[in-house]
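Data first, discussion second: the structure below is written as structure tokens.
Model, not experiment: these values are computed from the prediction.
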2 protein chains.
Amino acid sequence: MNRQIKHLPRSTFRDHIAEQLRDLILNGVLRPGEPLLEVQLAEQFGVSRGPLREAMRELVDEGLLVVRPYAGTTVIELSAKDIREIYSIRTALETLAFEQAWDRRDAAFHAELDRRHAQLVAAIDAEDEVGSIHAELDLHSLVFETADNKLLSRMWSILRGRLQIYWVTHHEAHGRRGPYRDAHLVYVESAKGDDIGRMVSELRRHMRRGADRTAEFVGQHVRLQG
Amino acid sequence: MNRQIKHLPRSTFRDHIAEQLRDLILNGVLRPGEPLLEVQLAEQFGVSRGPLREAMRELVDEGLLVVRPYAGTTVIELSAKDIREIYSIRTALETLAFEQAWDRRDAAFHAELDRRHAQLVAAIDAEDEVGSIHAELDLHSLVFETADNKLLSRMWSILRGRLQIYWVTHHEAHGRRGPYRDAHLVYVESAKGDDIGRMVSELRRHMRRGADRTAEFVGQHVRLQG
DNA sequence: GAATTGTCGATTGTCAACAACCGACAAAGC
DNA sequence: GCTTTGTCGGTTGTTGACAATCGACAATTC
């Protein structure tokens, strides 16, 4: 009677493809605006269009792709307004994550914080731009994982995906990330400290800086849509 | 050159079905845990399984349905922990919505606020339980609409869907909603006032009350999952 | 009798063909 | 010349059939 453990869902083609497609998008292989042809992608993945379409729909609902009936699917293009929206929501949710994670912080949390920060610094020093984007988002992901809130994690993954698309596709035009080594050091130190008030205000400063930086850039180089 | 207006996407079977299915779920016709059979539903909607599966996947990604490969799809069952998660996130996001909507409030906003509140009161007085659930959520939706933040609206719709599933399926066991007439009057009055600080603290009180009420109920009547 | 194995029906996952639709270009009309 | 209309290639939307997998129950073994 104690067969509590549900079967681990076997993976299906659809899930596998969704994962691969997501990687392709989040690593900038498929760029915003570029049309995704079903027959071509299906052949490329070695499946028929059915599972591929379902995988694409998953990414549409995640907000990574946008579809117009009978006119095709493309990677989302983010406007300046979109960036502002993302950062405002991110600030609210990451603050909530810290509140919920605060009492769960332990030695393992601190260690993991240092580990991810070290990876970020290493990527920055190696001038691995895409790697440093991943590393930075991984660092920020930790607090969401620690908060132990499934829905919150899901919403973070939606935000994260959009941020990643934006940064990966535009990082060449941005400056180097070097100056942000110190910023993240402050973030990490605050997260390890005992004053949640300080953490929250540091977080808000951090977010404001990120939002200003990207919004300013979008204003310069990308057609404004809103 | 000023053909700025993109074609309004023609509706597809898939979209139409997703909408109908969503209504079925959110009105409690399809109850949590109940299996959704593809062939049966496809026949019922008069389409083949392809579009139906894509519509179901859309609802899966919205968090209304849950799927286990080769074992079927069911309406999500919410645990006590899920309810807590929803309310914590909802508090953060509705607060943000008020911050962003605050300067956009105008006469039309106030009128719409009154209109939706009147509808809520009417539903309560008519003892139309399901109607009052819809009306209450409609009332709270207004601030998200006014905030003019697409992503925030989308996240609210995710939260709203889950709340609606929970309340609609459990409202018989809950008490009448009568006592909450006054609570919403305070909410509306605060939203019309000039003090956003008061609004936020009223909102938090409002959310705490809702969370306590549902969590307590879930603890009593539903198998705890977390 | 309890646990294991085998079989079966039902359901989901996948496929390849067909139909509907869009965008672009060319021809016709004013 | 400008607008309108018609055609065409290509892409997406939809379908029905086929394959793979699961859960339950019966048969088997210890």
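- Put simply, CD1 on A/Ile17 is 12 Å from C1' on C/dG13, counting in whole angstrom units.
- Taking atom OH of A/Tyr70 as the reference point, atom P of D/dT12 lies 12 Å away to the nearest angstrom.
- Of the candidates D/dT15, D/dT11, D/dA17, the closest approach to any side-chain atom of B/Arg49 belongs to D/dA17.
- Summarising the geometry, the separation between CD on B/Glu38 and C1' on D/dT15 is reported as 14 Å, rounded to the nearest angstrom.
- No contact: B/Leu52 has no heavy atom under 4.0 Å from any strand.
- The CD-P distance, from A/Gln40 to D/dT12, rounds to 10 Å in whole Å.
- As rounded to whole Å, 19 Å separates atom P of C/dA20 from atom CG of B/Asp15.
- In the set D/dT15, C/dG23, C/dG13, C/dG13 carries the atom at the smallest distance from any side-chain atom of A/Thr12.
- The residue A/Gly50 sits apart from the nucleic acid: no heavy atom pair falls under 4.0 Å.
- For B/Arg14, taking side-chain heavy atoms from C-beta onward, the closest of the listed nucleotides C/dG23, D/dG13, D/dT12 is D/dG13.
- Nearest to the side-chain atoms of B/Val39 among the listed nucleotides D/dT14, C/dC15, C/dT12 stands C/dT12.
- Within 6.0 Å of atom NE2 in B/His16, 12 or fewer heavy atoms from other residues, nucleotides or ligands are found, so the atom counts as exposed in its surroundings.
- Taking a 6.0 Å sphere around CD of B/Glu43, one finds it holds 12 or fewer heavy atoms contributed by other residues, nucleotides or ligands.
- Rounded to whole angstrom, the span from the CZ atom of B/Phe13 across to the P atom of D/dT14 amounts to 6 Å.
- Between the side chain of A/Arg53 and the main chain of A/Gly50, no donor-acceptor pair closer than 3.5 Å is present.
- One side chain, A/Arg90 or A/His140, offers a donor N or O that lies under 3.5 Å from an acceptor on the other.
- The side chain of B/Arg53 places no N or O atom within less than 4.0 Å of a non-bridging phosphate oxygen (OP1 or OP2) of C/dT12.
- Nearest-nucleotide assignment on DNA chain C puts the 5′-proximal partner with B/Leu36, out of B/Leu36 and A/Gly46.
- Base engagement by B/Pro51 is indicated by at least one non-hydrogen atom pair under 4.0 Å involving a base atom.
- Of the listed nucleotides (D/dT12, D/dT14, D/dG23), D/dG23 has the atom at the smallest distance from the side chain of B/Arg68.
- Formation of a donor-acceptor pair under 3.5 Å by the B/Asp106 side chain with backbone atoms of B/Ala108 is found in this model.
- As a whole-Å value, the separation of A/Leu41 CG from D/dT12 C1' is 13 Å.
- Separating the CE atom of B/Met56 from the C1' atom of C/dG13 is a distance of 13 Å, rounded to the nearest angstrom.
- With D/dG23, C/dA16, C/dG23 as the candidates, the nucleotide lying closest to the side chain of A/Ala71 is C/dG23.
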